[in-house]
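Notes follow the structure.
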Amino acid sequence: MTKLPFILPVLLLLTTLIHPTFAEIKNLKITSDSRPMILFERFGFTHTGQATISVSSVSVISSLSSPEPSRLGFFLLSEESLIQVLLELQQNPSFCVLDSKYINLLFTFQDLSPPPHSSFNHTYPITSPNEYSLFFANCAPESTVSMDVHTELYNLDGFGRVRDFLSAGLTQLPTLYSFFSLLYFAFFAFWIYFCFKNKTSVHRIHALMGALVIIKALNLLSAAEDKHYVKVTGTPHGWDVLFYIFQFIRVVLLFTVIVLIGTGWSFLKPFLQEKEKKVLMIVIPLQVLANVASIVIGETGPFIKDWVTWNQLFLLVDIICCCAIIFPIVWSIKSLKETSKTDGKAAKNLAKLTLFRQFYIVVIGFLYFTRIVVFALRTIAAYKYQWVANAAEECASLVFYAVIFYMFRPVERNEYFVLDDEEEEAAEMALREEEFEL
């Protein structure tokens, strides 16, 4: 089994990077799979946790002699124990992980019913609360496995009757998402009121900003319903479809609004330059691709062979889009700096430069927090507090929306663009003395 020492380090990395699954009841099909290790799910159990594993239609084909059934099986493994298993494999490359004392062995193929059914079904109580990864190991050399797998990972309530199919650290998500969806609905109502109050100053970008807020609210509402039904029944009851639809529209709208605000479209100029159009033509198709990757990641799981590739694709596309939306803001700042030297409107140009410089900082801060800080929180937080990372992400998003909408709100006498003569002279001095470098 020379493959195992190379497979387990990858799985060690995966179990620390992937989010705990929502563990809805899953029915999975494995076909002619030769991988020595398959990671199915990651789930946080309480002291009332239980794992129901059912396999059927099991078939093992080997190019060598008939494989030993005890060399194939399912087990649970905590993140701490995974490190110990890795050390065991480094010391003995031929070591079978099913023989490790650090795993929680569930069953091997030795426990299967006789052919032709070749099945097994059992519910295991979790005696030690922790976050576990569900693995399948194949220590039989030169063999492939086909089987149907049914999994139910859940925690029971205090009375031992009601099942909670959300991981211990994510069971608060339905309430969290419902709360933030209400905040965004209120945000949208206030934005509509404000736009009507200042309708003479409303531009097309403000309509797009309003659409972004209502889609964000609907996205959170569908996420709350999705997680609620998964929590209670183990299946999303179709709410996952709505969630992915609203998520796609929201992400495309968010990146589009940031790009359009960065170009000054509709409130500083009525059209887009060719290079700005190209940014949108790059970002929007990439976001379509990113959302396809997100759906594959969310609806399948780490058990599929290309799951790591889809994660890498999603990460790459997200990085490209985050970089692309910065360019229009930089171009606007550069353009305003050049214009300020020739058009004689120093105060207005200084105000616009200040505005776009602040916008640049806010966007960079938002991208950094939601991509780096939130990831760090998910990595370091105890499994019972994984919801904190989701709360931090939603708080950061709400603050970002509030700041951007305030900066570019429709008002007739915007302090950024209406200035007196004294401010004009002061601005001319400031533009001569200070370089607005990023």
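Quick note: numbers below take in every heavy atom, side chains included, and nothing from hydrogens, waters or symmetry partners.
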Problem - Distance (rounded to the nearest 0.5 Å) between I404 CD1 and I258 CD1 - result: 7.5 Å
Practice task
Dump the intermediate steps for ring-ring contact (aromatic ring centres under 6.0 Å, His included) on F359 and F408, then the final yes or no.
Solution key: CA-CA 10 Å; F359 180 56; F408 296 94; 5.3 Å; yes
Exercise for the section: Indicate yes or no: does D99 engage R71 in a salt bridge with an N to O separation below 4.0 Å. Expected result: yes
Fill in the blank from the handout: CG (L176) and CG (L220) are apart, to the nearest 0.5 Å, by 8.5 Å
Mind listing the side-chain donor-acceptor pairs of residues 51-63 below 3.5 Å, one per line with the distance, residues two or more places apart or on another chain?
from: T52; atom 1: OG1; to: T123; atom 2: OG1; distance (Å): 2.8
from: S62; atom 1: OG; to: L64; atom 2: N; distance (Å): 3.1
from: S62; atom 1: OG; to: S65; atom 2: O; distance (Å): 3.4
from: S62; atom 1: OG; to: E142; atom 2: O; distance (Å): 3.4

Donor-acceptor contacts, no H, no angles, side chain residues 181-192, under 3.5 Å, sequence neighbours left out:
from: S181; atom 1: OG; to: Y177; atom 2: O; distance (Å): 3.4
from: S181; atom 1: OG; to: S178; atom 2: O; distance (Å): 2.7
from: Y184; atom 1: OH; to: L398; atom 2: N; distance (Å): 3.2
from: W191; atom 1: NE1; to: H206; atom 2: O; distance (Å): 3.1

Exercise for the section: With ring-ring contact (aromatic ring centres under 6.0 Å, His included) as the test, would you mind laying out the steps for F194 and F196 before giving the verdict? Expected result: CA-CA 5 Å; F194 197 84; F196 271 104; over 10 Å; no
Practice task
Taking all heavy atoms of P69 and all of T108, pick out the closest pair and write down the distance.
Solution key: O-CB, 3.9 Å
Practice task
Starting at NE2 of H47, measure out to OG1 of T127 and round the result to the nearest 0.5 Å.
Solution key: 12.5 Å
Practice task
Could you tell me whether E88 and K101 make a salt bridge, using a distance below 4.0 angstrom between a side-chain N and a carboxylate O?
Solution key: no
Exercise for the section: May I ask you to decide if S81's main-chain N or O and S78's side chain share a donor-acceptor pair within less than 3.5 Å? Expected result: yes
Practice task
Verify the distance criterion only: is there a donor paired with an acceptor across the side chains of E41 and T151 at less than 3.5 Å?
Solution key: yes
Practice task
For H122, look at atom NE2 and say whether over 12 heavy atoms of other residues, nucleotides or ligands are found less than 6.0 Å away.
Solution key: yes
Exercise for the section: Compare all side-chain heavy atoms of F369 with those of V374 and state whether any distance is below 4.5 angstrom. Expected result: yes
Exercise for the section: Answer whether the closest heavy-atom distance between the side chains of F180 and S397 falls below 4.5 Å. Expected result: no
Completion exercise
One should read off an interatomic distance between R42 CZ and Q386 CD, to the nearest 0.5 angstrom, of 6.5 Å
Problem - NZ/NE/NH1/NH2 to OD/OE distance under 4.0 Å, E152 and K26 - result: no
Practice task
Would you indicate whether the side-chain heavy atoms of W387 and Y385 approach each other to under 4.5 Å?
Solution key: yes
Handout entry: Partners passing side chain to side chain contact (heavy atoms under 4.5 Å, CB included) against Q91 (at least two apart in sequence or in another chain)
Key = none
Problem - Test side-chain contact (heavy atoms from CB on, under 4.5 Å) applied to F136 and L72, V149, I30, L106, the passing residue - result: L72
Fill in the blank from the handout: Sorted by chain and number, sequence neighbours left out, side-chain hydrogen bond (donor to acceptor under 3.5 Å, both in side chains) with T46 holds for T48, N155
Fill in the blank from the handout: Value for CZ (F246) from CG (L253), rounded to nearest 0.5 Å, stands at 12.0 Å
Handout entry: Set of residues satisfying side-chain hydrogen bond (donor to acceptor under 3.5 Å, both in side chains) with respect to Q50, sequence neighbours excluded
Key = Y154
Practice task
Taking the side chain as every heavy atom from C-beta outward, state whether F45 and P129 have any pair of such atoms under 4.5 Å apart.
Solution key: no
Exercise for the section: Answer yes if the side chains of S128 and N130 hold a donor-acceptor pair under 3.5 Å, and no otherwise. Expected result: no
Exercise for the section: Please check if the distance between the ring centroids of F74 and F135 is under 6.0 Å. Expected result: no
Exercise for the section: Specify the closest pair of heavy atoms between C139 and V97, including all atoms of both residues, with the distance to one decimal. Expected result: SG-N, 4.0 Å
Practice task
Look at R378 together with E393 and state whether they make a salt bridge at an N to O cut-off of under 4.0 Å.
Solution key: yes
Exercise for the section: Go through T144 and S32 one step at a time and tell me if the side chain to side chain donor-acceptor pair (under 3.5 Å) criterion holds. Expected result: CA-CA 5 Å; T144 60; S32 300; 4.9 Å; no
Practice task
Report yes if some heavy atom in the side chain of T171 is under 4.5 Å from a heavy atom in the side chain of K231; otherwise report no.
Solution key: yes
Problem - Approximate separation, where rounding is to 0.5 Å, of Y132 OH and L77 CG - result: 9.5 Å
Problem - Heavy-atom closest contact (L98 atom, S70 atom, distance) - result: CD1-O, 3.7 Å
Completion exercise
So side chain to side chain donor-acceptor pair (under 3.5 Å) across residues 215-225, not counting sequence neighbours, yields K216-E394, N219-R250
Exercise for the section: With the side chain counted from C-beta on, respond yes when F40 and L153 share a heavy-atom pair under 4.5 Å apart, and no when they do not. Expected result: no
Problem - Side-chain heavy atoms of P67 within contact of F109, under 4.5 Å - result: no
